[in-house]
Visitor: 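Sharing a structure below in structure tokens format, with a few things to ask.
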Protein chains: 2
Amino acid sequence: MDMTSALTAFSALSQQTRLEAFRLLVTAGDAGMSAGDIAEALDVRQNTLSANLAVLLQAGLVRNQREGRVIRYFADTDGMRGMLGFLLQDCCGGRPELCQPLIEDLTCGC
Amino acid sequence: MDMTSALTAFSALSQQTRLEAFRLLVTAGDAGMSAGDIAEALDVRQNTLSANLAVLLQAGLVRNQREGRVIRYFADTDGMRGMLGFLLQDCCGGRPELCQPLIEDLTCGC
DNA sequence: CCTTCATATCCATAATTCATGAATTATGGA
DNA sequence: TCCATAATTCATGAATTATGGATATGAAGG
């Protein structure tokens, strides 16, 4: 993950519809969600959501897959990991005490 | 962390100077850096950096502290944690296998 | 084929964001 | 009090981004 990709990723998540869509896909997990279902869940117009999903795609934060007439979207964990890794790079250069509580906090019980 | 705060945080990190400044402060850790040093390190004008630091401040991603004539900035780990927690909320609803590798990948060796 | 459903793309307008220069505030030292 | 340094604030214009309507693509079914 380089600076440009990271910027694209953060930029993608800095808009309400996209952040909501991404979180929806994170909780949906491997099941993913169709574009239509996402649009309905978020109550946004079809073309607006489509444009926003395209932004998330280009940022590498989601993947999609055609299934007949529907297109199913999934959160891309690799992309998310790359972004977070870039952000936290060298966060604990010799200072585990800075990094450790953050990690623990993110384990969300699993 | 609510949606609005998360959006503010991601938006703050979606601009090159701010993302660079934030990463600089993450690696600087408890030592922090003065506004002037950050401006010099990133080669940006004082007022431009000041405006960008203000955005990071408002997003809760950095803190600052006056020390005589200089103002020292620090990465705010609580803010960062809040943002990441919001993003990953319910990422592993019953599916630890999705969340675990991500966490491990972020432990960056410490 | 023709229709219908699901989604994407094009285009114009509205809204937002950004860097910059000029001016301002705050601090410490002479 | 005066000056230099450190940093912030403000207004502006340029560039980017979001949105909605209309239209296009692509797949399934009759």
Visitor: Please state how far atom CG in Leu7(A) lies from atom P in dT17(D), giving the value in whole angstrom units.
Guide: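 The answer, rounded to whole Å, is 11 Å.
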Visitor: Could you give the CG-to-P distance, from Leu56(A) to dA18(D), as a whole number of Å?
Guide: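 Taking atom P of dA18(D) as the reference, CG of Leu56(A) is at 11 Å.
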Visitor: In whole Å, what is the span from the CD atom of Gln65(B) to the P atom of dA7(D)?
Guide: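 Going from CD in Gln65(B) over to P in dA7(D) covers 13 Å.
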Visitor: Take the protein atom CD of Gln16(B) and the nucleotide atom C1' of dA19(C), then report the distance between them rounded to whole Å.
Guide: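 Whole-Å distance recorded here is 13 Å.
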Visitor: Separation of Leu19(B) atom CG from dT17(C) atom P, in whole Å?
Guide: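 Checked: the CG to P distance equals 17 Å.
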Visitor: Is the phosphate of dA19(C) approached by Gln15(B) (side-chain N or O, under 4.0 Å from OP1 or OP2)?
Guide: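 Result: yes.
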Visitor: Protein-nucleotides 7-12 of chain C N/O pairs closer than 3.5 Å?
Guide:
unit_1, atom_1, unit_2, atom_2, d
dT7(C), OP1, Ala35(A), N, 3.4
dT7(C), OP1, Ile71(A), N, 3.2
dT7(C), OP2, Gly36(A), N, 2.8
dA8(C), OP1, Tyr73(A), OH, 2.4
dA8(C), OP2, Ser50(A), OG, 2.9
dA8(C), O5', Ser50(A), OG, 3.3
dA8(C), N7, Gln46(A), NE2, 2.5
dA8(C), N6, Gln46(A), OE1, 3.2

Visitor: Just by distance, no angles: are the side chains of Ser5(A) and Asp2(A) close enough, under 3.5 Å, to form a donor-acceptor pair?
Guide: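 Yes, side-chain donor-acceptor contact under 3.5 Å.
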Visitor: Distance check needed: dT17(D) C1' versus Gln58(A) CD, whole Å only.
Guide: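 The answer, rounded to whole Å, is 14 Å.
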Visitor: Given side chains that start at C-beta, do those of Met83(A) and Leu87(B) come closer than 4.5 Å, heavy atoms only?
Guide: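 A side-chain contact exists here, since the closest heavy-atom pair is under 4.5 Å.
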Visitor: Quick one: which of Ile38(A), Leu56(A), Asp37(A) gives a side-chain contact (heavy atoms from CB on, under 4.5 Å) with Tyr73(A)?
Guide: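 By the side-chain contact (heavy atoms from CB on, under 4.5 Å) criterion, Tyr73(A) pairs with just one of Ile38(A), Leu56(A), Asp37(A): Ile38(A).
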Visitor: Any side-chain heavy-atom pair from Leu25(A) and Met33(A) closer than 4.5 angstrom?
Guide: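 Yes, close enough: below the 4.5 Å cut-off.
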Visitor: Any side-chain N or O of Arg45(B) under 4.0 Å from OP1/OP2 of dA7(D)?
Guide: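 False: Arg45(B) side-chain N/O out of range (4.0 Å or more) of dA7(D) OP1/OP2.
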Visitor: Go ahead and name the base partner of dA30(C); Watson-Crick or wobble counts if both distances stay under 3.5 Å, otherwise write none.
Guide: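 dA30(C) is paired with dT1(D).
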Visitor: Got Phe86(A) and Met3(A) here, is their nearest side-chain heavy-atom distance under 4.5 Å?
Guide: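 Yes - at least one pair of side-chain heavy atoms lies under 4.5 Å apart.
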Visitor: Quick one: closest heavy-atom pair of Ala75(B) and Phe22(B), and the distance?
Guide: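 The pair with the smallest heavy-atom distance is CB-CE1, 4.2 Å.
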Visitor: Which base sits across from dT12(D) as a Watson-Crick or G-U pair, both distances under 3.5 Å?
Guide: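 Pair assignment: dT12(D) / dA19(C).
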Visitor: Once you apply the 3.5 Å cut-off to both distances, tell me the Watson-Crick or G-U wobble partner of dA6(C), or none.
Guide: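 Pairing partner: dT25(D).
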Visitor: Can you tell me if Asp43(A) has over 12 outside heavy atoms packed within less than 6.0 Å of its CG?
Guide: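 Count not over threshold, so no.
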Visitor: In whole angstrom, what separates Asp43(B)'s CG from dT20(C)'s P?
Guide: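 Those two atoms, CG and P, are 10 Å apart.
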